[in-house]
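Heads up, the thing below is written out as C-alpha cells.
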Amino acid sequence: MLSIAGSRSSPITDPKAEIGSATPQKRCLRSDSARIGKTRIPSTPLPVQTSPLKRKSPRICVNDSPNSPLKVIEKSFTNSSKSPVKKRLSDCFLDKPAWDPSDVEQLCAVKEALHVSTAPTALVCREDEQNKILLFCRECVELEKAGSLYVCGCPGTGKSLSMEKVKEDIVNWATEAGIQPPDTLSINCTTLTNASEIFSKIVGRTQTQSKAKGSKLPLQDLRYLYSQKQHLPGTRMVLIIADELDYLITKDRAVLHDLFMLTTMPFSRCILIGIANAIDLADRFLPKLQSLNCKPMVITFRAYSKDQIITILKQRLMALPYTVFQPQALELCARKVAAASGDMRKALSICRSAIEMLEAEVRDSFSKLNLPSVESDDHQRSASCGILPKPDNNIVRVDHVAIALSKAYRSPVVDTIQSLPQHQQIILCSAVKLFRGGKKDATVGELNKFYMDVCKSTLIPPVGIVEFSSMCRVLGDQGILKLGQSREDKLQRVALKIDEAVVSFALQEVRFFRSCLQ
Amino acid sequence: MSAATVSSSPKITEKMARESPAEQAQVLVKSRICNPNFIFSIFSNSPDSNYSKLKYIISSSLTEACNNSVLLLGPRGCGKVAILELVLEDLLEEYPDMISVEISRQLCQEHQLLFSKMASFDDNAQFMVSMLRECGLAHKTIIFVLDEFDLFAQGKQLFLYSLLDAMQSVTSQAVVIGISCRLDADQLLEKRVRSRFSHRKLLFLPPSREDTERLLEHILLLPTNSSFPHEYVTAFNVKLLKIFADYKFKEIVDTLSYSDSTVNHLQRFLFSTVSHMDLKSGLLSLENFKAALSTIQRQPKLEVLKDCSILELYILVCMKRLEAKEQELRNFNAIMKEYKSIHDTFQTSNYYARNVCLRAFEHLLQRELISFEDNRGHGQSAEFRPVKLLISRPELYQGLKSYPSCPTILHKLMDRDG
C-alpha cells in the first residue's frame, strides 16, 4: 500500500488540474501524505478502522483506472447511509456525502478530529521551518558539534508540536543513517521551581562520571565535562528542547547565559533548542553571545495566514468520510482568526462551537418534527423523519460560523452595562463626563459631585456617600472602574476602564443617557 | 445571608405540627429564601438559559471525553455558583462516575504561601498531571471549579498554565470552570494561557423586571397541595397577588433595584419582609414590604441626626454656611462667630453661652458628624483646631426636614444656601 501511495503522487496532480479547482494546498497535502506513508503510522485513533491514506483515495478522480482505489470508494459509500455523492467535482470538498449531526458516532469523530489535543500525523504549513530545524540538527549530529537554536512565535503557531516531530525524526534519521542517535531531553521551564534546576536535569540526562563527585554544582559539572576532551568515544550528543524559555529569565540573566554558553565550550556535546514567544529574546537577554560570535540561529514561526488555517482544518477533516463544513464557512472562520491573531487553537475552538450551533439547530428541528407526531404510531414517525431537511442543511453553514465568531470575540461589557441597576448606570455616565476632558483619574469625592449634578438634572434623589462608594466598589469588582487604595473613602482614586464609545453604545436606548452623554 | 438550609428532618415536622399555620408558613418561606438552589431552579427551565447552556457544555465533554473550559462571568450575587451547583447535582445523578474538585479562593491564597517557600510546587504540579493521566485512563472526568478566577491570574499564572497545558494532551479528561466577577477576566490571562483557554463565556446578569416578578411569585406563594389548611393558603395567595398588582408595591421594588438589582439583594429584602409578618393574621401586607425597605436602605447619618439637640443642629447649619462661603479656617471660633451673626440677623430666641455650645460641639465630635481635619494639633484645645463636616448637604437637608420640631429658621438658612 505504501508503494501505491508513492506512485500515485505524480498522476494525482493531473486529474486535479482537470477538475479545475486545483489549489496549491491540495498538492502539498498529497505529497505530504506520500511522505508520511513511509515514515509514520497514524497515531490518532479513527472511528473507521482504515488508515488515513485510504481515506484520501476517494478524492482521486474517477478517471483513474486501477482497482484498489475504486474498491475503497465503494466501501466508503456503503458505510455512509445518507445521500449520494454530489456530481459537481468542481468543488472537491463536496465529493463526500454530508454528515449526519444526529449520529452520535459521527459527532464524536468530528469533534475529536477538531480537538486541540488531537495531534495530527503531519504538520502542514510548517514544513519549511521543520526542514530548517531538521537540517540544523542533522548537521550537529553528523559533525558531532554543539549548536544552539532559538524558535520563537506567537502562541498557537505549532512550535511545540513541530518540536515533538523533529525529535522523532532526528532519532529515526540517525538510526537509519547508522549514526548514534542523540539523547533527547524535553523540559518545560514552567515546571522548574528554580531556574538553575535546568542544569541538574541536563546532568541527569548526560551519562557522566562526574555524578560521583556530588559536591559540585551541576553547572560546574557540565562546564568541567565539556571542557575536557572526551575519553569515551561513544558518548552521545544531547538534544535539549527547552519550552517556555522566558521562565528562565532571572534578574541577572545568568541562567540563560550559562545555558547558551554551554554550547560554546570546546568539547560541548549538547544541541540546545529554546522555544519562547518573544522574537528578540536572543538580542535582549544574550548580548554577550554576539560578541563571542555564537548567537543562536533564530527561526520564527509566523502566525498562520488565512490559507494556512484553511489547509490545516481541511487536513484534519480529510480523514473523515463525510463533509462537515461548507467551504465558505471554513473560509470565513480562517479569515477572521487570521486577521485577529493567527492562533490555530482559536480556529479549532470556533469550529467546534459552530458544530455545537448546528447540533442545537438539528435538535430543535427534531423536537419540532416529533411534537405533532406524538399520537401517531412509529410508522408515521419514521415517514416524517424520511422527509428530513436536505443533506445540504446538515453541514455547518456560514451563519453557524458567524454566530460562533461573534460569541468568541464579543466582550460581555455591553450586555452588563445594559443590565446594571439605574444608579450604577448614572455613576458610569458621570464618570464618562468627568473623564472626557482628558483627565486620567479623579477621587471618589469628585465623582460624587458629578453624580449629584446628573441626579439633580433628572430629579432622581441621589444616594448618600456610603452607598455611593459601595456602588463604586461593585463597579470596580466587575472591572468597569479602577479603584485605588486609600484609607478614606472619599480620597480613593478612581479611573474609567472602559472606552467612552462602548458606554455610549450600550446606553443609547435610554433617552436620558443619550442626552446626558451628548 | 448564610446558606443555612432548614431541612425537613423529623424534628422540624414535629415542631411544625404544634405551631400555627402562620408560623409554619413563615418557616417554609424563610427556608426557601435561604436556599439558593430553590431560587435559581426557576431559571433552569428555558432552553436558552445559562443553566441549560452550562449543562450542555459539561455533559458533552463528559460523553465525548474531550477537554473543555468555560468561564462564568457576572456581578456578585447573580447565581453563578448556585446554577453551577444545580448543574453538577443533576449531572452527578445522570453520570455517577464523575469526580468534582473544588478549588476555592482560600486554596489559592494558601498556594501563594507555598509559592514563596517554593518547596514543592514542582511536586504538586507533577502530582496533578499524573492524577489527570490516571483518571483519564480510568475514563473518569475531573471537573475543576476555580472560584475567584481573576485571583489565579495574578503573578506568573503557573498553576493555570500547567493545568491547561496538561489538558492539551489526549491522556487527560478534565473540564475547567472559572468563576469570576470581573468582566475582563480572560484579558488578565497571559497570552500563552489565553491561547489554551477556550473562548467560551457565559454571562450571568441580574434578573430583569419580569424575571423579578416571576421570582417573587415563585418564592412567596404558598404551595396549594401541601399540609397547610386550604383556606389559609388561598387567603394568603390572594392577598399576595393583590399586593403584587398594586402600583405602590411596584414602586418599592423599583426603589430596591435602583441601587442593586442582584438576586442576593432581593433575598435579603424578602427575608426581612417575612420576618416582619404579622403572625396573628398570618398574612403578608404592604407595610411589611415597606418596613423591610427601610431596614435595607438605612441612612445611618440621618438616624444620628434624629437624636441631636437643636443647638447641635444650629452648629451643623453654621458649618454648612461656612463651607458655602468657602471660608478657609473653619474651627469652633469661626462657628461661634457665624452663630452670633445669625442671632443678630434673625433675633432668634435660643442663644446659648459659649461653654454650652462647646459642650454641644464635643457631642457632635463624638457622634462623628464632624471631625478634626487632621490629627496633628493634639496640643491645641478643641476650639482652635480646624474641623470638617462628615455629612453631606442633601443628607443634612433631608435630616432637617424629618426632624420633628426643627425651627423654621434652619430651613430658611439651608434653603438660602441651596
Side-chain angles (χ1 to χ4, degrees), chain A residues 44 104 107-108 111-112 115-119 154-156 188 190-194 197 244 247 277 341 343 345-346 349-350 352-353 356 359-360 364 407-413 415-416 418-424 448 452 460-467 470-471 474 477-480 497, chain B residues 47 56-57 60 63-67 73-76 118-122 125-126 150 156 158 161-162 165 167-172 181-185 187-188 191-196 198-201 203 205-206 208 254 257-262 297 299-302 392-395 398:
Chain A
T44 55
V104 174
L107 199 61
C108 275
K111 285 200 179 168
E112 196 171 326
H115 200 269
V116 184
S117 53
T118 319
C154 294
N188 192 323
T190 57
T191 58
L192 303 171
T193 49
N194 207 346
E197 230 183 74
E244 315 288 356
Y247 276 92
N277 292 130
S341 56
D343 186 343
R345 291 192 186 108
K346 198 112 192 177
S349 179
I350 290 177
R352 278 172 62 216
S353 297
E356 281 169 17
E359 213 186 305
D364 281 343
K407 266 198 186 171
Y409 287 113
R410 184 184 65 184
S411 132
V413 175
D415 288 327
T416 313
Q418 283 174 341
S419 65
L420 282 178
Q422 201 188 49
H423 277 292
Q424 292 184 17
N448 196 12
M452 291 207 275
I460 298 179
V463 297
I465 184 73
V466 175
E467 249 192 277
S470 75
M471 282 199 279
V474 168
D477 266 348
Q478 295 185 287
I480 299 178
K497 274 181 98 172
Chain B
Y56 174 71
I57 291 177
S60 61
T63 46
E64 293 153 22
C66 61
N67 301 326
L73 301 173
R76 290 194 194 279
M118 284 288 214
S120 55
F121 175 72
D122 196 13
Q126 296 282 19
D150 42 306
K156 276 193 174 177
L158 281 181
Y161 178 83
S162 37
D165 205 31
M167 276 176 42
Q168 301 265 283
S169 66
V170 202
T171 52
S172 57
C181 60
R182 277 192 73 150
L183 298 172
D184 55 347
Q187 306 297 325
L188 294 172
K191 57 181 186 313
R192 280 182 279 237
V193 181
R194 199 179 336 152
S195 167
R196 288 171 167 79
S198 91
H199 61 273
R200 286 193 175 82
K201 288 191 274 252
L203 192 56
L205 294 172
S208 62
D254 280 346
S257 56
Y258 275 168
S259 56
D260 191 347
S261 53
T262 55
Q297 294 191 335
Q299 307 264 39
K301 295 263 158 80
L302 291 185
S392 65
R393 230 197 97 69
E395 282 173 334
Q398 210 176 333

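Sequence lines set the chain letters: A, B, ... in the order given, protein chains first and strands last, and positions in each chain run from 1.
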* Distance, nearest 0.5 Å, that separates NZ of A:K407 from NE2 of B:H199 -> 8.0 Å

* Structure fact -> Under 4.5 Å to a heavy atom of chain A? For B:R200 that would be side chain

* For the atom pair OH (B:Y258) and NE2 (A:H423), what is the distance rounded to the nearest 0.5 Å? -> 7.5 Å

* **Partner residues of A:D343 under the salt bridge (charged side-chain N to carboxylate O under 4.0 Å, His left out) criterion, sequence neighbours left out** => none

* Asked: Is it true that the side chains of A:E356 and B:Y56 contain a donor and an acceptor less than 3.5 Å apart?
  -> no

* So which of B:S198, B:G74, B:C66 has the biggest tally of heavy-atom pairs under 4.5 Å with chain A? -> B:C66

* Of all heavy-atom pairs between B:L205 and A:T416, which one has the smallest distance, and what is that distance? -> CD2-CA, 3.8 Å

* To do: For each of A:L420, A:V463, A:N188, tally heavy-atom pairs with chain B at distances under 4.5 Å, and name the one with the top tally.
  => A:N188

* Of the listed residues (A:V413, A:I465, A:V116, A:N277), which shares the most heavy-atom pairs with chain B below a 4.5 Å separation? -> A:N277

* Asked: Any idea which of A:P421, A:S470, A:G479 has the most non-hydrogen atom pairs under 4.5 angstrom with chain B?
  -> A:P421

* Where on A:N448 is there a heavy atom nearer than 4.5 Å to chain B: the side chain, the backbone, both, or neither? -> neither

* **Side chain, backbone, both or neither of B:K191 within contact of chain A (heavy atoms, under 4.5 Å)** => both

* Between OG of B:S60 and NZ of A:K111, what distance do you get to the nearest 0.5 Å? -> 5.0 Å

* Structure fact -> Counting heavy-atom pairs under 4.5 Å with chain A, the top scorer among B:K301, B:R182, B:E395, B:R192 is B:R192

* Using the side chain to side chain contact (heavy atoms under 4.5 Å, CB included) rule, take B:N67 and A:H115 through it: C-alpha gap first, then chi angles, then the decisive distance, then the call. => CA-CA 8 Å; B:N67 301 326; A:H115 200 269; 4.0 Å; yes

* Asked: Could you state the interatomic distance from CZ (A:R345) to CD (B:Q168), rounded to the nearest 0.5 Å?
  -> 4.5 Å

* Could I get the full list of salt bridge (charged side-chain N to carboxylate O under 4.0 Å, His left out) partners for A:K497, not counting sequence neighbours? => B:D184

* Please tell me if the side chains of B:S259 and A:M471 come closer than 4.5 Å, counting only heavy atoms from C-beta onward. => yes

* Under 4.5 Å from a heavy atom of chain B, the part of A:E467 involved -> side chain

* Asked: Which region of A:I480, side chain (C-beta onward) or backbone (N, CA, C, O), has a non-hydrogen atom less than 4.5 Å from a non-hydrogen atom of chain B, or is it both or neither?
  -> side chain

* Structure fact -> Heaviest contributor of heavy-atom pairs below 4.5 Å to chain B, chosen from A:P155, A:P462, A:C154, A:G156, is A:P155

* Structure fact -> Rounded to the nearest 0.5 Å, the CZ atom of B:R76 sits from the CG atom of A:D477 at a distance of 4.5 Å

* Side-chain contact test, heavy atoms from C-beta onward, threshold under 4.5 Å: evaluate it for A:S419 versus B:P206 and give yes or no. => yes

* Asked: How far does CG of A:D415 sit from CG of B:L73, to the nearest 0.5 angstrom?
  -> 11.5 Å

* Does any heavy atom of chain A fall under 4.5 Å from the side chain of B:D165, the backbone, both, or neither of them? -> side chain

